[in-house]
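Below is one structure, written out as structure tokens, with a few remarks after it.
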Amino acid sequence: AQQQSEQMRVQADTQAAQAKMQAEMQMTQAKTQAEMQIEQMKMQHSAQLEQQKIQFEVQLKNHEIQAAKEKSELEAATKIMVARIGANPGLDLPLMEAQQAASEKVSSELGQNVKAAIDHMAQMHENMANMHGETMNRIGGVMQTLAAPKRIVRGPDGKAIGVEVAA
């Protein structure tokens, strides 16, 4: 009985050792998986950060290009204005430009009013043409009726009581 008890204890120790080893292996595997996931997340985060950095640099470069373009346009406009003032020192160029802009606005508004009037006249002309067409069609119908052969309609006593178009 003691030998059997010893065998059972050894078997239980062996099973416990196996279970412990299996648990340690599972823990090591879980730890390795967690480390791999952390590393993968770090890599993804790093890639996203790099992409955002590149996008920011591109936007910054675009803004710099736009600012340089606007600066050069302003410098060119200033040089042109200085040259125009130098060429005609007695003229008030901003006043002339304001008058020109006002003239263009008035021309534009008048042009719109004239266009509206012309459109209205065209609509009235079209209506008149349609009415003329209808009148001509009716006159044509009356002319056909007048030119059509007719026959005399007689009453019961044989006297003529009317005329009808012969069909």
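Only heavy atoms go into these numbers, but all of them, side chains included; no hydrogens, no water, no symmetry mates.
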Gap separating the CD atom of Gln22 from the CD atom of Gln29, nearest 0.5 angstrom
10.5 Å
Euclidean distance, Glu64 CD relative to Glu57 CD, rounded to 0.5 Å:
10.5 Å
Which heavy-atom pair separates Val165 from Ala148 by the least distance, and what is that distance?
CG1-CB, 3.6 Å
Do Ile54 and Glu50 touch side chain to side chain, with heavy atoms closer than 4.5 Å?
yes
For Ile152, does the CD1 atom sit with more than 12 other heavy atoms under 6.0 Å from it, leaving out its own atoms?
no
Applying side-chain hydrogen bond (donor to acceptor under 3.5 Å, both in side chains), run through Glu6 and Gln2 and close with a yes or a no.
CA-CA 6 Å; Glu6 183 68 26; Gln2 193 175 8; over 6 Å; no
List the atom of Gly158, the atom of Arg154, and the distance in Å for their closest heavy-atom pair.
O-NH1, 3.3 Å
In the structure I gave you, are the side-chain heavy atoms of Val153 and Val163 within less than 4.5 Å of one another anywhere?
no
Between Gln40 and Gln44, does the side chain to side chain contact (heavy atoms under 4.5 Å, CB included) criterion hold? Intermediate values first, please.
CA-CA 6 Å; Gln40 185 178 13; Gln44 287 175 348; 4.1 Å; yes
Check whether Ser46 reaches the backbone of Lys42 with its side chain - one donor and one acceptor, N or O, closer than 3.5 Å.
no
Rounded to the nearest 0.5 angstrom, the NE2-CD1 distance for His132 and Ile139 is 8.0 Å
Checking side-chain polar atoms at under 3.5 Å, does Glu70 have a donor or acceptor matched by the opposite partner on Gln66?
yes
Given side chain to side chain contact (heavy atoms under 4.5 Å, CB included), test Gln26 with Thr28 step by step and report yes or no.
CA-CA 5 Å; Gln26 286 176 346; Thr28 303; over 6 Å; no
Give, for atom CD of Gln33 and atom CD1 of Ile38, the distance between the pair rounded to the nearest 0.5 Å.
12.0 Å
Glu164/Lys150 salt bridge by N-O under 4.0 Å criterion
no
Could you tell me which residues satisfy side chain to side chain donor-acceptor pair (under 3.5 Å) with Asp13, sequence neighbours excluded, listed by chain and number?
Arg9
Exceeds 12 heavy-atom contacts within 6.0 angstrom, atom CD of Gln4
no
Rounded to the nearest 0.5 angstrom, the CD-CD distance for Gln59 and Gln52 is 10.5 Å
dist Met131:CE -> Met128:CE (nearest 0.5 Å) comes out at 5.5 Å
